[in-house]
Amino acid sequence: QVQLVESGGGSVQAGGSLRLSCAASEYTGRRYFGGWFRQAPGKEREGVAVIDTRVGSTYYADSVKGRFTISQDNAENTLYLQMNMLKPEDTAMYYCAAATRPTYTSYLFLVGAYDYWGQGTQVTVSS
């Protein structure tokens, strides 16, 4: 069992920055991918950024490329999402997720590829 706890959300003006953190409880099994997803009211949950926890490869949704950076601290079992140049359309609840099974690259932004989820942290960007 893995418990994920997000933090770092808040309210910022457009153009501002936030850094989200996701702390994972001690997990002795194999982890394959860590991801950040977001869900705005009335919309489906969408993948934002994913990292292959074994080799550090990163993947981003087109909407956040060049603005968001996903990273990890394996020693601290923590996942990060640095968000710069925030836009009002980035407003959503942000969730971190962990995949403990291998998957195809094309599936990395699918909710079903992940086994564990955090409770979410709200990000609000005002214009």
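Side chains are part of it too, since the values below use all heavy atoms of this structure and drop only hydrogens, waters and symmetry mates.
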Novice: Using atom types as modelled and distance alone, determine if a side-chain donor or acceptor of Y80 lies under 3.5 Å from a backbone N or O of D73.
Specialist: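 No, Y80 side chain to D73 backbone: no donor-acceptor pair under 3.5 Å.
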Novice: At their closest point, which heavy atom of M83 faces which heavy atom of V123, and how far apart are they?
Specialist: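 Looking at all heavy atoms of both residues, the shortest contact is CE-CG2, 3.8 Å.
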Novice: With hydrophobic residues grouped by side-chain heavy-atom distances under 4.5 Å, do Y95 and L81 end up in a single group?
Specialist: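 No, separate clusters.
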Novice: Testing the basics here: between A23 and T78, what is the closest heavy-atom pair and its distance to 0.1 Å?
Specialist: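 Distance-wise, the nearest heavy atoms are CA-OG1, 4.3 Å.
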Novice: Is there a donor-acceptor pair closer than 3.5 Å between any side-chain N or O of E6 and the backbone N or O of C96?
Specialist: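 A pair under 3.5 Å: yes.
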Novice: Quick one: does any side-chain atom of T124 pair with a main-chain N or O of S11 as donor and acceptor, under 3.5 Å?
Specialist: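 Not confirmed, T124 side chain does not pair with S11 backbone.
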Novice: How many angstroms lie between NZ in K43 and CE in M93, if you round to the nearest 0.5 Å?
Specialist: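 Taking NZ in K43 and CE in M93, the distance rounds to 15.5 Å.
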Novice: How many angstroms lie between CH2 in W117 and SG in C22, if you round to the nearest 0.5 Å?
Specialist: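 Those atoms lie 10.5 Å apart.
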Novice: Say whether W36 and L86 are linked into one hydrophobic cluster, either directly or through other cluster members, by side-chain heavy-atom distances under 4.5 angstrom.
Specialist: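 Both belong to a single hydrophobic cluster.
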Novice: Could you walk me through whether T53 and Q72 pass the side-chain contact (heavy atoms from CB on, under 4.5 Å) test, one step at a time?
Specialist: CA-CA 8 Å; T53 59; Q72 61 182 356; 3.4 Å; yes
Novice: To the nearest 0.5 Å, how far apart are OG in S71 and CG in L79?
Specialist: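 Going from the OG atom of S71 to the CG atom of L79 covers 7.0 Å.
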Novice: Evaluate the ring planes of Y94 and F68, with Trp represented by its six-membered ring, and classify them as parallel (under 30°), tilted (30 to 60°) or perpendicular (over 60°).
Specialist: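 Rings of Y94 and F68: tilted, 30 to 60°.
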Novice: What about V2 and Y114, same hydrophobic cluster or not, with Ile/Leu/Val/Met/Phe/Trp/Tyr joined at side-chain heavy-atom distances under 4.5 Å?
Specialist: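 Shared cluster, no.
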Novice: For L110 and L108: C-alpha separation, side-chain torsions, deciding distance, then whether side-chain contact (heavy atoms from CB on, under 4.5 Å) applies.
Specialist: CA-CA 6 Å; L110 298 181; L108 287 178; over 6 Å; no
Novice: Identify whether V50 and V48 are in the same connected component of the hydrophobic contact network (ILVMFWY, side-chain heavy atoms under 4.5 Å).
Specialist: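 Different clusters: V50 never reaches V48 through Ile, Leu, Val, Met, Phe, Trp or Tyr contacts under 4.5 Å.
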Novice: Any donor-acceptor pair under 3.5 Å linking the side chain of D115 with the backbone of T100?
Specialist: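 Yes, the answer is positive, given that a donor and an acceptor are paired below the 3.5 Å cut-off.
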Novice: So do the side chains of V111 and F37 get within less than 4.5 Å of each other, counting heavy atoms only?
Specialist: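 The answer is yes; the side chains approach within 4.5 Å.
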Novice: Answer yes or no: is there a donor N or O on one side and an acceptor on the other, between the side chain of R45 and the main chain of Q39, under 3.5 Å?
Specialist: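 Judged by distance alone, no pair lies under 3.5 Å.
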Novice: Closer than 3.5 angstrom, by distance alone: can the side chain of S21 be matched with the main-chain N or O of S7 as a donor-acceptor pair?
Specialist: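 Looks like no, no N/O pair under 3.5 Å.
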Novice: Quick one, Y59 with I51, criterion side-chain contact (heavy atoms from CB on, under 4.5 Å). Give me CA distance, side-chain angles, the key distance, then yes/no.
Specialist: CA-CA 6 Å; Y59 308 84; I51 187 166; over 6 Å; no
Novice: Looking at side-chain heavy atoms only, is the closest gap between V64 and R38 below 4.5 Å?
Specialist: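 They are in side-chain contact.
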Novice: Applying side-chain contact (heavy atoms from CB on, under 4.5 Å), run through Y60 and I70 and close with a yes or a no.
Specialist: CA-CA 9 Å; Y60 297 95; I70 187 171; 3.5 Å; yes
Novice: Minimum heavy-atom separation for V12 to S17, with atom names?
Specialist: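 Scanning both residues, the minimum pair turns out to be CG1-O, 3.9 Å.
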Novice: Where do V125 and K87 come nearest, in terms of heavy atoms and distance?
Specialist: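 What the structure gives for the nearest pair is CB-O, 3.3 Å.
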Novice: Going only through I, L, V, M, F, W and Y residues with side-chain contacts under 4.5 Å, is there a path from F109 to F33?
Specialist: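 Yes: a chain of side-chain contacts under 4.5 Å links F109 to F33.
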Novice: Where do A14 and P88 come nearest, in terms of heavy atoms and distance?
Specialist: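 Minimum heavy-atom contact is CB-CD, 4.1 Å.
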Novice: Of all the heavy-atom pairs spanning A92 and A40, show the shortest one and how long it is.
Specialist: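 Closest approach of A92 to A40: CB-N, 3.9 Å.
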Novice: Check whether more than 12 heavy atoms from other residues, nucleotides or ligands sit under 6.0 Å from atom CD of Q3, and answer yes or no.
Specialist: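 Result for CD/Q3: open.
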Novice: Looking at A98, is its backbone amide N or carbonyl O close enough to the side chain of Y32 to form a donor-acceptor pair, meaning the two atoms are under 3.5 Å apart?
Specialist: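 No: the side chain of Y32 does not pair with the backbone of A98.
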